[in-house]
K.L.:
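Just passing along the structure, written as structure tokens.
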Amino acid sequence: MSDSPLVLAGREFRSRLMVGTGKYPDLPTMKTALAESGADVVTVAIRRVDLADRGEGSFFAHIPSDMLILPNTAGCYTVDDAVRTCRLAAELGLGPMVKLEVIGDPKTLFPDTAGLVEAAKILVKEGFVVLPYTNDDPIVAKRLEDVGCAAVMPLAAPIGSGLGIRNPHNIRLILEDAKVPVIVDAGVGTASDAAVAMEMGADGVLMNTAIAGARDPIAMARAMRLAVEAGRLAFKAGRIPRKAYATASSPVQDLIE
């Protein structure tokens, strides 16, 4: 079955899986897992890496050359910090596409949605292509779309929790109304979580801990790649309706006596 590419701000991506770079046991494992994932986009926490070091053996030397580096503002708790971090990334040649995070508190890592919308508005006006990490509130998703974000990225569950999609109803409401791609971000724990998100109609899934924290990150990266592909195919194929009672899979007429 043919499929259209994921399109973000006019740019096409063959893979609908996006991956992160944190929490890997070592850089060689990260590099192999990133390649095994088949992802086109990899997020990098700007505040946690040396952006100037591009030498052999550096962090950036372990990112496959064909992957788009998506700077993110992880660890930013204010609008000013998030905007400043994106500007720094741009000065160092990263962007203009950015993953925007404005965190509300260190315990839940839920987004500060008011600050998120404010920061998104500033960055869009400055020419950034903004992909905002947000909660699963359809109203906030609409506000982010209205200020010009290229996608909305609602969480499935708290960052790094591995709980899977906690509120599928809200995700469906966001999918129903969004005019931009919806990428489920944060909280995926295993391959079935990714498949469920894609079966619901999500345009993509972004994850980090589920792969990096797995017992075998390289095997899990491949599992996630296949899960996203399978979930997308199932969504396009169209599942059968749910029924309360059994329906015979073989015809009941013209039975042999």
Side-chain angles (χ1 to χ4, degrees), residues 5-24 26-103 111 115-116 118-134 144 147-153 159 180-181 183 185-186 203-204 206-208 211-212 221:
L6 171 64
V7 179
L8 297 171
R11 181 164 181 169
E12 295 185 355
F13 300 95
R14 56 185 172 76
S15 173
R16 292 175 180 270
L17 172 62
M18 298 181 180
V19 292
T21 53
K23 301 182 180 180
Y24 281 94
D26 53 66
L27 290 177
T29 299
M30 180 191 79
K31 182 176 183 178
T32 304
L34 295 182
E36 194 66 33
S37 74
D40 296 320
V41 179
V42 58
T43 70
V44 173
I46 297 304
R47 303 185 73 183
R48 295 171 180 161
V49 297
D50 183 352
L51 298 178
D53 184 4
R54 302 300 181 97
E56 185 178 349
S58 70
F59 171 83
F60 284 102
H62 287 83
I63 294 179
S65 59
D66 60 344
M67 297 187 82
L68 172 70
I69 295 175
L70 178 68
N72 73 56
T73 62
C76 292
Y77 286 81
T78 69
V79 172
D80 288 345
D81 279 352
V83 170
R84 188 182 306 113
T85 300
C86 289
R87 290 170 178 163
L88 174 61
E91 289 174 6
L92 293 171
L94 298 175
M97 191 176 291
V98 295
K99 180 189 173 187
L100 178 63
E101 299 181 26
V102 181
I103 301 300
L116 182 67
E118 183 181 349
K121 188 181 301 184
I122 294 169
L123 291 168
V124 167
K125 287 183 178 178
E126 293 185 6
F128 286 90
V129 177
V130 180
L131 310 181
Y133 158 72
T134 184
L144 291 165
V147 302
C149 291
V152 291
M153 304 177 75
I159 292 173
V180 296
I183 299 169
D185 179 15
D203 296 283
L206 192 152
M207 66 185 71
N208 178 63
I211 295 176

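Along the sequence shown, the residues carry numbers beginning at 1.
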K.L.:
Just by modelled atom types, is the L100 backbone N or O under 3.5 Å from a matching donor or acceptor in the T73 side chain?
P.N.:
no

K.L.:
Looking at every heavy atom in both A39 and M67, which two are closest together, and how far apart are they?
P.N.:
O-CE, 3.4 Å

K.L.:
Can you tell me how far the OG1 atom of T32 sits from the NE2 atom of H62, to the nearest 0.5 Å?
P.N.:
9.0 Å

K.L.:
Minimum heavy-atom separation for K99 and M153, please, with both atom names.
P.N.:
CG-SD, 4.4 Å

K.L.:
Which heavy-atom pair separates A33 from A221 by the least distance, and what is that distance?
P.N.:
O-CB, 3.3 Å

K.L.:
My understanding is that only residues two or more places apart in sequence, or in another chain, count here; which of them pass side chain to side chain contact (heavy atoms under 4.5 Å, CB included) with K121?
P.N.:
K125, V147

K.L.:
Looking at every heavy atom in both A74 and N72, which two are closest together, and how far apart are they?
P.N.:
N-OD1, 2.9 Å

K.L.:
Can you name the nearest heavy-atom pair linking V129 to A150, along with the distance?
P.N.:
CG1-CB, 3.5 Å

K.L.:
Identify which one of D185, L6, L68 satisfies the side chain to side chain contact (heavy atoms under 4.5 Å, CB included) criterion when paired with M18.
P.N.:
L6

K.L.:
Could you pull out all residues at least two apart from A35 that satisfy side chain to side chain contact (heavy atoms under 4.5 Å, CB included)?
P.N.:
P64

K.L.:
Check the pair M207 / L17 against side-chain contact (heavy atoms from CB on, under 4.5 Å), numbers first and verdict last.
P.N.:
CA-CA 8 Å; M207 66 185 71; L17 172 62; 3.6 Å; yes

K.L.:
Looking only at heavy atoms, which two atoms of G127 and P96 are closest? And how far apart?
P.N.:
O-CB, 3.9 Å

K.L.:
Taking atom CD1 of I183 and atom CZ of R16, what is their separation to the nearest 0.5 Å?
P.N.:
9.5 Å

K.L.:
Go through the structure and list residues passing side-chain hydrogen bond (donor to acceptor under 3.5 Å, both in side chains) with T29, not counting sequence neighbours.
P.N.:
D26

K.L.:
For a 4.5 angstrom cut-off between non-hydrogen side-chain atoms, does Y133 reach L116?
P.N.:
no

K.L.:
Is any side-chain heavy atom of V180 less than 4.5 Å from a side-chain heavy atom of C149?
P.N.:
no

K.L.:
Please identify each residue that fulfils side-chain hydrogen bond (donor to acceptor under 3.5 Å, both in side chains) with D66, with sequence neighbours left out.
P.N.:
none

K.L.:
Hey, could you give me each pair passing salt bridge (charged side-chain N to carboxylate O under 4.0 Å, His left out) that has a residue in residues 32-45? Not counting sequence neighbours.
P.N.:
R14-D40, E36-R222

K.L.:
Could you work out, with side-chain hydrogen bond (donor to acceptor under 3.5 Å, both in side chains) as the rule, every residue matching R11, not counting sequence neighbours?
P.N.:
none

K.L.:
Measure the CZ-CG distance between F60 and L94 for me, rounded to the nearest 0.5 Å.
P.N.:
5.5 Å

K.L.:
What distance do T78 atom OG1 and I103 atom CD1 have between them, rounded to the nearest 0.5 Å?
P.N.:
11.5 Å

K.L.:
CD1/I69 to CD1/I46 distance, rounded to the nearest 0.5 angstrom?
P.N.:
8.5 Å

K.L.:
Could you check whether any side-chain N or O of N208 sits under 3.5 Å from a backbone N or O of T21, counting only pairs where one atom can act as donor and the other as acceptor?
P.N.:
yes

K.L.:
Looking at CG of L88 and CG of D81, how far apart are the two atoms once the value is rounded to the nearest 0.5 Å?
P.N.:
11.5 Å

